[in-house]
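Reading through the structure tokens given below for one structure.
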Amino acid sequence: MSTTIFEPPPRAAVRRSAALASRRKAVDLMVKWFCLAATLVGLFFLASIMATLLWRGLASMDWVVLTEEFRPTRYGDETAPKGGLVHAILGSLIQTAIGTAIGTPIGLLVGTYLSEYARGSAFGNVLRFVSDVLLSAPSILIGLFIYQLVVLPMGGFSGIAGALALAIIVIPVVVRTTEDMLQLIPNTLREAVIGLGAPKWKMITLVCYKAAASGILTGILLAVARIAGETAPLLLTSFGNNVTSFDLSTAMASLPIAIYQQANSGFPDLIEIAWSGALLVTLGVLAINIIARTLLRGRQ
Amino acid sequence: MGAGAAPRPVARRRGMDVGDLVFEWLCRGAGVIVLLLLGGIIVTLFIGALPAFREFGLGFLTSTQWNPVEGRENYGGAVAIFGTVMSAVLAICFAVPVAFGIAFFLTELAPDWLRRPVGTAIELLAAVPSIIYGMWGLFVVVPFVQMHIQLALGDYLVAIPLVGFLFESRFFAGTSLFTAAIVLAIMILPFIAATMRDVFLQVPPVFKESAYGLGATRWEVMKGVVLPYTRISVVGGIMLGLGRALGETMAVTFVIGNANRMPQSLFDPSTTIASIVAMEFPESLMGSMKQSALFALGFLLFVISFLVLAASRYLLRSRLKA
């Protein structure tokens with residue numbers, strides 16, 4: 001009987017534990033507020049970038065920007081014709097398209113190799129590591145590489161050099177998504193196809209690619225979004241041009257380079273044009289990203 | 001050979017299919033191309049850098065000279081190397097606490113309906129091209145630092161003994177090492193936050209639940225269960241951000257001021273390897289010593305970022321396997 005008698009704990013201990021509890025709660029609350037603030041800070045930066053782009057980009061966006069070529073500043077002479085960015089838009093489209101066209105098949109094949117042929121093999125692991133390093137490697141170094149490999153032998157900057165530099169950036173992006181997407185395919189599907197007597201290459205091209213199609217397309221879209229805004233490697237390869245050029249063997253304009261040059265020109269009217277270019281690039285890149293994400297979500 | 005090789009003949013017979021042979025070698029060939037690309041980058045950078053290495057030797061790493069005047073050409077990489085490392089390390093210091101806050105918020109605190117939109121918004125921040133960060137930095141962050149941060153910090157913090165000199169203002173353009181670190185921090189924030197979020201999500205719920213069951217608060221669960229469980233991957237994610245920050249070009253070029261002098265304080269303009277290459281390479285003569293010096297800097301940047309990225313991948317390997 002006597003053992004069950006409830007003895008209240010000493011008052012000092014009660015006070016101590018109450019103080020401890022309230023301190024723990026206070027720390028927890030502080031951390032929570034800090035995390036909320038951190039998230040708001042991150043969102044604020046995105047909002048600030050988008051607001052600045054829309055505000056300054058829309059102000060100077062008009063038909064002329066989309067249809068005219070570069071013109072020197074009309075600073076002090078309002079009657080001079082206004083310039084535009086069509087040479088840069090076309091140049092970007094050409095180089096991005098060629099870069100994607102060269103990089104995608106290579107990336108697709110490497111991704112396939114990693115997923116279907118080299119799971120766990122030493123060569124596969126090295127290849128995966130190298131591809132991942134390329135994925136995050138400073139893009140300006142890819143520019144230096146192509147400069148040495150293409151620009152020097154050709155004797156000058158060229159559109160094809162720019163496209164090749166972009167292709168190198170495309171490859172690791174496509175490799176990563178292709179491998180990830182192919183690995184999501186259940187092995188039973190592969191076994192079923194092989195069981196029907198199909199050779200492995202038909203299993204991969206006709207069944208696995210089809211099953212992973214939207215995922216692979218996502219990877220390609222993400223790669224396009226990545227290279228559409230690339231500037232640094234193009235500075236050393238296709239260099240930029242003030243007129244429309246379809247000649248891949250000479251310097252070619254691109255939207256990011258045109259933005260870079262006009263934003264640093266110091267002339268308010270050229271800076272305005274740079275802002276509309278920046279708005280175009282960002283809207284394009286974010287739109288492609290959102291499409292890619294939607295595709296992927298539909299899959300999962 | 002032996003019993004283990006028993007299924008082999010079957011596979012062989014399938015392998016006789018010409019299409020199979022061709023396709024496998026196509027895939028392997030593409031893999032070899034990727035390996036050659038990385039090897040090619042190292043070799044071409046080194047070949048380009050060779051004249052500068054021969055001329056300046058190891059002194060290239062410590063010399064702060066940058067003199068392109070013909071006949072008195074003298075190039076050293078110390079300023080650019082210092083600027084690269086300092087801006088990236090500072091950016092990490094700014095970005096990591098915020099990225100941790102975002103990851104904690106997205107995995108533990110936010111209501112379910114909020115997680116996806118906020119997560120997507122943070123990921124979109126990673127998709128914004130670096131030139132846009134540069135332009136936004138130049139026209140928004142630079143004036144802000146110039147008008148509000150530099151002078152305020154300069155007034156109050158210079159008095160601190162020993163470290164006060166870091167906050168001294170001698171240049172008032174707003175373009176500085178500090179501004180570059182801020183813009184870099186914003187750029188790498190989404191990469192670090194996304195990696196942290198992904199590794200936090202891999203902690204088995206039962207671990208967290210048992211801690212909650214003992215009465216732990218969310219912060220205690222994070223500090224006592226989640227962080228110890230994921231610390232290696234968290235460091236890997238931070239290294240990934242560091243690797244990105246080291247090689248970032250356009251954003252930094254816009255806001256760092258591109259001064260080839262050793263910065264004396266955080267608010268001095270400086271330069272990085274990537275931005276000095278972007279600024280000076282296109283206008284340098286083909287085959288000149290200046291070009292070779294820039295190749296040498298590029299080679300060093302490659303070595304530094306390769307080591308950081310390799311370390312990051314090594315630390316993240318458990319996450320990749322899962």
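Only heavy atoms go into these numbers, but all of them, side chains included; no hydrogens, no water, no symmetry mates. Residue numbers start from 1 in every chain, and the chains themselves are labelled A, B, ... in the order their sequence lines are given, proteins ahead of strands.
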Using heavy-atom distances under 4.5 Å, tell me whether [X] contacts chain B through its side chain, its backbone, both, or neither.
X      : answer
A:I204 : side chain
A:L46  : both
A:T52  : side chain
A:A274 : both
A:L127 : both
A:L108 : neither
A:S48  : both
A:D28  : both
A:A232 : both
A:V133 : both

Is [Y] close to [X] at the side-chain level, that is, under 4.5 Å between some pair of heavy atoms?
X      : Y      : result
B:M239 : B:L315 : yes
B:V22  : A:W201 : no
B:R28  : A:L109 : no
A:L236 : B:P282 : yes
A:L43  : B:I122 : yes
A:P172 : A:D132 : no
B:I102 : B:L189 : yes
A:E230 : A:P256 : no

Which atoms of [X] come close to chain A, meaning under 4.5 Å heavy atom to heavy atom: side chain ones, backbone ones, both, or neither?
X      : value
B:L45  : side chain
B:L125 : both
B:P190 : neither
B:I47  : both
B:L106 : neither
B:V140 : side chain
B:M250 : side chain
B:L124 : both
B:Q291 : side chain
B:T217 : both
B:T120 : side chain
B:A193 : neither
B:Y133 : side chain

[X] side chain vs [Y] backbone, donor-acceptor pair below 3.5 Å:
X      : Y      : value
B:S130 : B:A251 : no
B:R197 : B:T107 : no
A:T231 : A:I257 : no
B:S305 : A:A137 : no

Once you measure the plane-to-plane angle for B:F295 and A:Y147, does it fall in the parallel (<30°), tilted (30-60°) or perpendicular (>60°) bin?
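Rings of B:F295 and A:Y147: tilted, as their planes differ by 30° to 60°.
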Out of A:V151, A:V126, A:I271, return the one with the most heavy atom pairs under 4.5 angstrom to chain B.
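Ranked by heavy-atom pairs under 4.5 Å with chain B, first place is A:I271.
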Under the 6.0 Å and 45° cation-pi test, does B:R317 pair with B:Y314?
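Yes, B:R317 sits over the ring of B:Y314.
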Verdict with supporting geometry, B:T253 and A:Y260, side chain to side chain donor-acceptor pair (under 3.5 Å):
CA-CA 10 Å; B:T253 307; A:Y260 173 62; 5.5 Å; no
Top contributor to chain A contacts, counting heavy-atom pairs under 4.5 Å, from [options]:
options                        : answer
B:E24, B:K223, B:R218          : B:E24
B:E108, B:E220, B:E248, B:M135 : B:M135
B:I41, B:L37, B:L38            : B:I41
B:V308, B:L301, B:I33          : B:L301
B:V34, B:V32, B:L240           : B:V34
B:V141, B:L309, B:V128         : B:L309

Are there more than 12 heavy atoms of other residues, nucleotides or ligands under 6.0 Å from atom NZ of A:K202?
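Not more than 12 within 6.0 Å, no.
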To the nearest 0.5 Å, what is the distance between CZ on A:F44 and OG1 on A:T39?
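Separation between the atoms: 15.0 Å.
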Which heavy atom in B:I192 sits nearest to a heavy atom in B:A95, and how many Å separate them?
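Smallest interatomic distance, heavy atoms only, reads CD1-CB, 4.3 Å.
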Give me the contact list for residues 113-125 of chain A versus chain B, heavy atoms only, anything under 4.5 Å, ordered by residue number.
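Residues of residues 113-125 of chain A touching chain B at under 4.5 Å: A:Y113, A:Y117, A:F123.
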Identified side-chain contact (heavy atoms from CB on, under 4.5 Å) partner of A:V170 from the options A:I227, A:I102, A:L222
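Going through A:I227, A:I102, A:L222 one by one, the side-chain contact (heavy atoms from CB on, under 4.5 Å) with A:V170 is satisfied by A:I227 alone.
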Would the B:F254 and B:W136 ring centres measure less than 6.0 Å apart?
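No: the rings miss the under 6.0 Å criterion.
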